[in-house]
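So that the names make sense, note that chain A is the first sequence line, chain B the second, and so on, each numbered from 1.
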Amino acid sequence: MPRRTSPRSLALAVPSLIAIAALTACAGGQSAAPSAGSAGAGSADPDAVITIGSENEPTSLDQIFGGSSGVTEAFTGNVYEGLFRITDDAEVEPLLAATTDVSEDGLDYTFTLQDAEFHSGDPVTAQDVKYSLDRFISEQSIAARKRQLSVIESVTAVDDSTVAVRLKSPSISFTYNLGYVWIVNDTAGDLTAAEDGSGPYTLTDYRKGDSISLEPFDGYWGDAPANGGVVYQYYADPTALDNALLTGAVDLVTGQSTPDALPQFSDENSFTIIEGTSTTKNLLAFNDRVAPFDNVSVRKAIYSAIDREKLLDSIWDGRGELVGSMVPPSEPWYIDLVDENPYDPELAESLLAEAGYADGFSFTIDTPDSGVQSTVAEFLKSELAKVGITVDIRIITDDEWYQKVYTEHDFQATLQTHVNDRDINFYANPDFYWGYDNADVQTWLAEAEAAASTDEQTELVKKANQKIAEDAASAWLYLEPQLRISTAEITGVPQNGLNSLFYVSGIEKVAS
Amino acid sequence: MLRVLGNPVYALISVGATEEDIAAAAARLGVDRPLPVQFLDYVGQLLRLDLGRSFTSNLSVGDEVLRRLNVTLPLTLLSFALSVLIAIPAGFLAAWKARTWYGTAFSALTQLAGAIPVFWVGILLVTVFALRARILPAGGFPRTDWEDPQAALRALVLPVLTIAIVSGSELARYVRSASLDVLGQTYLRTARATGQSFAGALLRHGLRNGIVPVISVLAIQLSTTFVGAVIVENVFALPGLGDMLLVGIREQDFPSVQGVLLFSTALVLLLGFVADVLQRILDPRIRGTLSGNHRSRAAA
């Protein structure tokens, strides 16, 4: 990993090189080094095309065929719109649904639609909404939120601009979940290489393995974008991505995945580091079905034996946050539960003795071979050795993880990052891979979903939140920081990026 | 291949997917059918010259391979040409001046450069030419491909240098040993005795003898350059075949991986064939035998 002094000071120190760079760069059609001194000065250029560097290339362009979080980052809110929109602060706002009526029993929703147009020129009609919702929960869909939206019983197009949705049971998160469902043109056909959405941008070029180019859509019903288009440039190698930012080949990166690389961007005149809150929780998940992890005291002992502050510091250098449960601060039912299981090796030892493991025991952590996880595993191994527990680290591939851990539940403990928002619900599913089975938690979370008001929902989820922390259902290690880095010419970058959402229409670049 | 890669469905789903979702995805990809059926189906596709569609992106694999050749083919050919340009003079010089200090230094240098990992050379070049001097891009390839040839060439300078340094050094060692072989031959002395100049004798007799084993090495080397491109594309973020292969493996995208492999295998076989033909043209002694390959293989 190259760690160099600031590129700006180097460029200034060697004026002759700047001349060469300018000469060769104009031929290449790529912008040279960020021009000095323009930070904060000058006005935004509405025609500037923003180049966004990302490691998160969509596997597919269609969200229902496993487009992964990459397609959310590139398309949701940019190319496609939902009936609702989740803001950067996790609030639900109406988008294509101009008005919403909910029946007394919470089962019937009636939406009137915004007067909007698809990129192909067709108007957005109730038929399109019906087609899109049906498509999302169809048998062949593997969309991430399909299970939550399967609460839909039927969708009816009342007239061109009115849609009626009937639910099987009340669902307070229904409009929130709709924020992730794209409304697509019902005549669009195959969406794996083309698009027909109603968002502020159209797809102009798709080069798999390389880039996605978006241009502003002239017929957009809402506010026009503040830029002249965006290009998502994808990188498989984090160092290559950092180099692209250092040399001005990209204007910003959506997520910095290697904390070691941060010092390169510390010069405030050249770069802006934007730290937001994420929903990415890194956790040591126990198989709560098998001994000794079926014993609450053992789980609590392990949790208390880990100095999470030290762990977070050593990996993210003071960035990120500690969490005491599955709920990050950006969710309405957050409570500070970090001290529920404090770092206390003596407490851990007494809990172990209480559970009948005074002499310790040994277990295996199945560790995916991605990112920082092997470092985390080594840290846990040394922490747990201090209270007499022997850890075997077994590195596995993602494929093995899905087969052995996720599907077959054949594991003792595993390390995993959970990126989704509002995923405390996994603790209400006893068949989930970690197998946490508590009747109260299941009842509270089911009642919360059927609640009549968000206040009632929040109270119930909080109870479940408290309970899983008391039970140390898993050992939640920390919340990853959301780090975006841009050159100093760029403003208006979404800060938080909850669940990979990344709205680009507000990004501006200062004219140079 | 399917067994090596694992279940492609796992690359598509996310945490939270149910068993029904997994089954539905498997059915859509057709991987729930018995393996012999899948295999016959694939062979049938190949006979229609169709490499199928990617499991993940659903794009046509054939089209993707062709598009990525825009990057990989020039990268491979240019690096190869440059490495030959480095290797032949360097190797010959090292052999000719084998007894002098700089001849020895030369062969030591080629030995060293050939032993450096490709990606490391790439990182080094990026640091010097892209991050410090800023005269060349650190990576990437123009989105317009070859519409702007100058930009495309600029994007290939560092990757080509990277491959050429490493594989040129390897090649130089082959050239050196072939040259040493030829320089020690009595026919060269005989030719000089007939009044030919050293250069003339070398060109007329030495080159023709020395080049034969080098050609078979060249063919192998060209295939290695192609493989080297896989790693280099990753370092320089070039959207070529190597990138397609790596991402394909990571996403368990069997049609893409198989498509790239079939294509590169065909290319390597073709190169081997061309090398054999060339050798027969250049060396009348091989022309007479049926198994001309033996000599060159041994020499390699």
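The nearest pair of heavy atoms linking B:N234 to A:D237 is O-CB, 3.8 Å. Looking at every heavy atom in both residues, B:R134 comes nearest to A:T247 through NH1-CA, 4.1 Å. The minimum heavy-atom distance linking B:L59 with A:A193 is given by the pair CD2-CB, 3.6 Å. Heavy-atom minimum distance, B:R67 versus A:K208: NH2-O, 2.7 Å. Across every non-hydrogen atom of A:A240 and B:V235, the tightest pair is CB-O, 3.6 Å.
A heavy-atom distance below 4.5 Å is not found between the side chains of A:T239 and B:I123. Annotation: side chain of B:I22 is not in contact with side chain of A:Y402 (no heavy-atom distance under 4.5 Å). The shortest side-chain heavy-atom distance between B:L131 and A:N243 falls under the 4.5 Å cut-off.
When heavy atoms are compared at a cutoff of 4.5 Å, A:D205 approaches chain B solely by way of its side chain, counted from C-beta outward. Only the side chain of A:Q233 has a heavy atom closer than 4.5 Å to any heavy atom of chain B. Contact annotation for A:V231: only side-chain heavy atoms (C-beta onward) come within less than 4.5 Å of a heavy atom of chain B. Within the 4.5 angstrom heavy-atom criterion, atoms from both the backbone and the side chain of A:R207 approach chain B. Of the atoms belonging to A:D431, not a single heavy atom falls under 4.5 Å from chain B.
For the set B:R143, B:E64, B:R68, the count of heavy-atom pairs under 4.5 angstrom toward chain A peaks at B:R143. Annotation: maximal heavy-atom pairing with chain A below 4.5 Å, among B:T144, B:V126, B:D145, occurs at B:D145. Between chain A and the residues B:A24, B:S57, B:A25, the largest count of heavy-atom pairs under 4.5 Å involves B:S57. Interface summary for chain B: among A:F426, A:Y235, A:W401, the most heavy-atom pairs under 4.5 angstrom belong to A:F426. Among the candidates A:D423, A:T407, A:T397, A:N420, the residue making the largest number of heavy-atom pairs closer than 4.5 Å to chain B is A:T407.
To the nearest 0.5 Å, the span separating CG on A:D398 from CD on B:Q252 amounts to 8.0 Å.
With a 6.0 Å radius and a threshold of 12 heavy atoms from other residues, nucleotides or ligands, B:F129 has its CZ atom at or below the threshold. The environment of CH2 in B:W120 is sparse: at most 12 heavy-atom neighbours from other residues, nucleotides or ligands sit within 6.0 Å. For CD of A:E408, the number of neighbouring non-hydrogen atoms (other residues, nucleotides, ligands) closer than 6.0 Å is greater than 12.
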